[in-house]
Amino acid sequence: MNKDIYIIGIGMGNLSCLTERAKTLLEEAELIIGATRMIKEIQAWHSHFPEFIIEYFPDKIVGQIQQSEKKRIVVAMSGDSGFYSGAKKLFIELEKAGIPVQIEPGISSLSYFASRLKLPWEDIKIVSLHGNTENLSAILRKHEKVFAITQGQTEEICKELTEAGFGDIPLYVGKRLSYPEEEIIKTTPRTYKEKEKEPLTVLLFIREKEERFITAGIPDNVFIRGNTPMTKSEIRAIILSKLAVKETDIIYDIGAGTGSVSIELAIAACRGKVYAIEYQQEALMLIQENKKRFGCNNLEIIPGMAPEAIEGLLPADIVFIGGTKGNLLFILKQIIHQKHNVRIAISAVTLETISEVFSNMEQLGIQIIDASQIAVTKLEKVGNYHMMRAQNPIFLVIGQYSCPDKTK
């Protein structure tokens with residue numbers, strides 16, 4: 001293809017922030033393609049009148065490039081081309097079509113915002129809440145500074161963080177950065193009130209207080225418990241370590257009880273999703289209360305019993321089974337029917353159940369990679385004395401299913 005194709009990042013929107021290289025490319029372009037907001041800004045700024053096409057779907061942009069007779073084509077992307085930009089998907093589509101392209105960076109909203117606040121940003125954790133659901137409270141427990149791109153849902157985010165115990169941390173709100181009506185506010189999640197929803201909004205949270213339970217094994221007394229049995233702290237810590245949860249994992253907690261394991265999983269998979277499957281009404285209410293207490297908006301509660309309750313859910317990367325009501329074989333069949341590589345942890349308290357677990361896993365081709373009996377003895381004060389009181393031992397089996405026709 002005898003064409004010069006460029007993808008450029010134009011920054012936050014005000015073209016006074018364009019790099020000199022980006023300005024030159026735009027001025028020399030015969031065709032400029034981009035979303036409505038970018039095209040309008042460029043049209044108002046441009047010194048001559050090339051052809052403009054409003055388009056933002058990558059496959060359609062590729063089609064426009066292939067059909068055009070223009071030799072010098074620029075695709076304008078908001079922000080920086082390497083920072084949550086549509087340039088990523090477009091570049092893949094251009095490569096598939098065999099179209100060579102050059103990429104020119106712009107100024108990202110993060111670097112601009114940090115400069116306005118006079119803050120270094122090498123230690124800031126970056127998340128996108130633009131069309132994504134992430135467990136922001138879990139991320140704040142792990143990182144002192146968190147920068148979030150939003151769609152303007154600032155009040156909703158602040159409400160969730162306040163309920164999760166982060167209502168009084170410093171919050172910086174940046175609206176319409178780089179534009180003449182730019183607004184930067186210092187506030188807190190608890191006190192922030194939205195005058196008017198603005199889609200071009202970024203947030204910076206700074207957690208000043210140290211968090212004590214960053215890793216697995218949240219103290220039992222932090223949870224709302226009721227009369228529903230709860231997996232204890234030490235057992236949860238071992239379960240999380242054996243499952244080796246990634247931040248982006250999709251996870252099922254089958255027989256979720258109070259939701260203590262679900263909460264730990266949702267914190268670990270802060271950019272993923274956890275389904276808590278439970279049928280008892282009191283337990284469902286407890287899971288909802290604990291979800292609210294910990295701010296786990298990536299935790300979805302599924303009323304009902306497996307395997308029926310897991311039909312139609314996203315395929316799981318990890319499954320924890322704490323209760324089956326006699327349906328273990330059918331649950332495991334439903335899980336592997338998803339044709340997805342999955343790690344499975346099953347807890348049991350009886351020898352009969354552990355025998356069933358081994359038999360079912362072997363029958364279905366699930367490799368048993370670890371099995372343990374965990375016995376925890378806790379300190380208990382009796383009068384003027386201290387005694388060690390044993391809890392019921394737990395069997396924990398870890399299996400790995402590798403789908404024959406899928407390499408993950």
Side-chain angles (χ1 to χ4, degrees), residues 133-135 138 216 228-231 235-280 283-284 286-288 290-291 294 296-348 353 356-357 360-361 364-370 394-403 406 408:
T133 299
E134 300 205 16
N135 190 335
T228 302
M230 184 179 78
T231 304
I235 305 299
R236 280 184 268 113
I238 294 172
I239 290 169
L240 267 288
S241 70
K242 296 292 185 183
L243 287 175
V245 178
K246 297 177 183 177
E247 285 192 350
T248 55
D249 278 338
I250 305 298
I251 307 174
Y252 301 168
D253 179 7
I254 298 174
T258 62
S260 62
V261 175
S262 300
I263 295 296
E264 297 257 22
L265 291 169
I267 291 172
C270 55
R271 297 171 55 209
K273 191 174 187 67
V274 176
Y275 295 102
I277 296 135
E278 177 58 57
Y279 78 98
Q280 291 186 347
L284 288 167
L286 287 171
I287 298 169
Q288 183 61 48
N290 281 313
K291 172 184 174 177
F294 288 89
C296 292
N297 61 354
N298 62 332
L299 172 60
E300 183 174 341
I301 302 168
I302 308 294
M305 292 182 63
E308 294 79 12
I310 64 178
E311 292 180 9
L313 303 183
L314 292 171
D317 300 299
I318 286 175
V319 175
F320 174 67
I321 303 175
T324 67
K325 294 298 178 184
N327 293 325
L328 178 60
L329 179 61
F330 302 106
I331 292 169
L332 293 176
K333 283 182 176 179
Q334 181 69 25
I335 291 166
I336 66 175
H337 181 68
Q338 295 176 334
K339 297 185 178 180
H340 193 75
N341 295 349
V342 58
R343 177 168 284 210
I344 303 168
I346 304 175
S347 67
T353 303
E356 182 187 3
V357 169
N360 290 170
M361 284 189 164
L364 297 174
I366 301 170
Q367 180 187 5
I368 297 173
I369 57 176
D370 190 63
I394 301 289
F395 295 101
L396 184 64
V397 181
I398 310 295
Q400 180 70 42
Y401 178 73
S402 299
C403 183
K406 178 169 182 175
K408 193 175 177 186

Please determine whether side chain to side chain contact (heavy atoms under 4.5 Å, CB included) holds for the pair L364 and L329, giving the CA-CA distance in whole Å, both sets of side-chain angles, and the decisive distance to 0.1 Å.
CA-CA 9 Å; L364 297 174; L329 179 61; 3.9 Å; yes
Is there side-chain contact between [X] and [Y], with at least one heavy-atom pair below 4.5 Å?
X: R236; Y: M230; value: yes
X: L243; Y: D249; value: no
X: T353; Y: F395; value: no
X: T324; Y: F330; value: no
X: I366; Y: N360; value: no
X: R343; Y: I369; value: yes

Counting distance only, does the side-chain N/O of [X] pair as donor-acceptor with the main-chain N or O of [Y] below 3.5 Å?
X: K325; Y: M305; value: no
X: N327; Y: P307; value: no
X: Q338; Y: A316; value: yes
X: N341; Y: C403; value: yes

Which pair of non-hydrogen atoms, one from [X] and one from [Y], has the smallest distance, and what is that distance?
X: A138; Y: A266; result: CB-O, 4.5 Å
X: A268; Y: V245; result: CB-CG1, 3.8 Å
X: G272; Y: N298; result: O-CB, 3.4 Å
X: D253; Y: S262; result: OD2-OG, 2.6 Å
X: N135; Y: N297; result: CA-OD1, 3.4 Å
X: T258; Y: N290; result: O-ND2, 3.0 Å

Just verifying a value: how many Å separate [X] [atom1] and [Y] [atom2], rounded to the nearest 0.5 Å?
X: E278; Y: Q288; atom1: CD; atom2: CD; answer: 13.5 Å
X: Y401; Y: I336; atom1: OH; atom2: CD1; answer: 5.0 Å
X: C270; Y: E134; atom1: SG; atom2: CD; answer: 7.0 Å
X: M361; Y: I398; atom1: CE; atom2: CD1; answer: 7.5 Å
X: I331; Y: I344; atom1: CD1; atom2: CD1; answer: 10.5 Å
X: S347; Y: I239; atom1: OG; atom2: CD1; answer: 6.0 Å

Knowing that exactly one of D317, I302, I277, I321 qualifies, which makes a side-chain contact (heavy atoms from CB on, under 4.5 Å) with Y252?
I277
Report the C-alpha distance between T231 and I394 in whole Å, list the side-chain angles of each, state the deciding distance to 0.1 Å, and finish with yes or no for side chain to side chain contact (heavy atoms under 4.5 Å, CB included).
CA-CA 10 Å; T231 304; I394 301 289; over 6 Å; no
